[in-house]
There are 2 protein chains.
Amino acid sequence: MKVSNARAQMRKGVLELCVLRVLSKGEAYASDVLATLQDADLIVVEGTLYALLTRMKNAGLLAYRWEESKSGPPRKYYELTPAGAEFLSALDAEWTRFVRAVDALPSFEAPES
Amino acid sequence: MKVSNARAQMRKGVLELCVLRVLSKGEAYASDVLATLQDADLIVVEGTLYALLTRMKNAGLLAYRWEESKSGPPRKYYELTPAGAEFLSALDAEWTRFVRAVDALPSFEAPES
DNA sequence: GTTAGGTACTTTGCAAAACATAGTACCTAA
DNA sequence: TTAGGTACTATGTTTTGCAAAGTACCTAAC
């Protein structure tokens with residue numbers, strides 16, 4: 001149990017929300033999403049993100065179209081489906097409630113002696 | 001992918017923080033911790049909590065003592081060790097930074113058309 | 001005292017999800 | 001035509017929570 005691992009652990013289960021939020025700003029392909037998350041200090045590895053995008057596409061939350069690239073193979077540009085937008089809205093609400101619930105627990109202070 | 005599962009997913013990775021926070025208020029045994037978390041709408045099942053308490057004890061974050069009960073078998077009363085208190089302090093800081101990072105991502109709004 | 005029921009803790013098997021890493025395919029340019 | 005970069009895919013492992021069954025202890029009813 002290392003503090004260095006804490007953020008990675010916390011991110012579990014919230015990654016979906018993060019990806020949906022990024023895509024709510026408009027379509028993007030995997031590297032775009034990855035860069036945005038990493039800029040926000042929400043480290044995620046390539047393999048995880050691709051797997052998540054595929055899962056969400058299969059769940060009907062995302063759709064993609066192929067687009068040619070000028071410097072490499074074609075890219076999958078993802079965007080929210082109506083179901084995805086609805087799901088994001090619900091997740092946002094859950095996130096808010098969740099943060100409140102955790103913050104309602106006692107914050108750190110020295111144990112009573 | 002169901003909204004009903006969202007909170008459970010989010011809780012992953014933050015459970016450690018929650019348990020440490022509860023114990024920072026003083027020693028408690030499993031059922032105490034469970035009840036506190038459930039009161040806070042942070043649902044967790046018995047098996048998960050016992051496993052987590054054991055993991056954290058083995059990691060040196062918690063210690064316990066046996067105490068007789070008037071109505072059943074003896075209980076393990078857990079409390080933070082100095083290492084646990086230090087770890088909690090670090091996790092608290094990580095939690096704050098994490099929430100800021102997620103909230104810095106765009107919140108929901110209709111995708112630009 | 002022996003049995004029934006409740007409480008507390010343990011064990012085992014399973015599933016979901018992220019990680020690590022390697023692999024395939026496409027494109028440009030030397 | 002080959003080297004290197006970019007984009008996506010596939011595979012196996014680990015972590016961690018869940019589900020459910022199991023063990024053990026204690027009280028109380030009979």
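We name chains A, B, ... by the order of the sequence lines, and we start the count at 1 in each one.
Proximity note for A:Thr48 (side chain, C-beta onward) versus D:dA7, C:dA18, C:dG6: the nearest is C:dA18. Which of D:dC26, C:dC26, C:dC9 sits closest to the side chain of A:Pro74 comes down to C:dC26.
Judged by Watson-Crick or G-U wobble contacts below 3.5 Å, the nucleotide C:dA30 has D:dT1 as its partner. The base-pairing partner of C:dC9, taking Watson-Crick or G-U wobble contacts with both distances under 3.5 Å, is D:dG22.
Distance OG/A:Ser89 to CG/A:Leu80: 11.5 Å, rounded to 0.5 Å. Interatomic distance, B:Met56 CE to B:Thr81 OG1, rounded to the nearest 0.5 Å: 10.0 Å.
For A:Arg65, the CZ atom sits in a packed shell: over 12 heavy atoms of surrounding residues, nucleotides or ligands are nearer than 6.0 Å.
Salt bridge annotation for A:Arg21-B:Asp103: present, with a cationic side-chain nitrogen under 4.0 angstrom from a carboxylate oxygen.
The CE-C1' distance, from B:Met10 to C:dA17, rounds to 15 Å in whole Å. Here the P atom of nucleotide C:dT7 and the CD atom of B:Glu67 are 18 Å apart, to the nearest Å. As rounded to whole Å, 13 Å separates atom P of D:dA19 from atom CG of B:Leu34. C:dA17 atom C1' lies 16 Å from atom CG of B:Leu15, rounded to whole Å. Nucleotide D:dA7 holds its C1' atom 12 Å from the CG atom of A:Leu53, rounded to whole Å. When the P atom of D:dT9 is taken as reference, atom CG of A:Leu52 falls 14 Å away, rounded to whole Å. Taking atom CZ on B:Arg75 and atom P on D:dT27, their separation rounds to 12 Å, with Å as the unit. Across the protein-nucleic acid pair, A:Tyr29 atom OH and D:dC8 atom C1' stand 11 Å apart, rounded to whole Å.
A:Arg11 contributes a side-chain N or O that, together with a main-chain N or O of A:Ile43, makes up a donor-acceptor pair within less than 3.5 Å.
Closest approach of B:Leu91 and A:Met10 over heavy atoms only: O-CE, 3.6 Å.
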Per-nucleotide protein contact string for nucleotides 10-16 of chain C, where B marks a base within reach and S marks sugar-phosphate only (heavy atoms under 4.0 Å, - for neither): B------
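Here B:Ser31 lies in heavy-atom contact (under 4.0 Å) with sugar-phosphate atoms only.
The phosphate of C:dA17 (OP1 or OP2) has no side-chain N or O of A:Arg11 nearer than 4.0 angstrom. For the OP1/OP2 pair of C:dT28 and a distance below 4.0 Å, the side-chain nitrogens and oxygens of A:Ser71 include no atom meeting the criterion.
Toward the 5' end of DNA chain C, the nearer of the two residues A:Pro73 and A:Ile43, judged by each one's closest nucleotide, is A:Ile43.
Not less than 6.0 angstrom separates the ring centroid of A:Tyr64 from the ring centroid of A:Tyr77.
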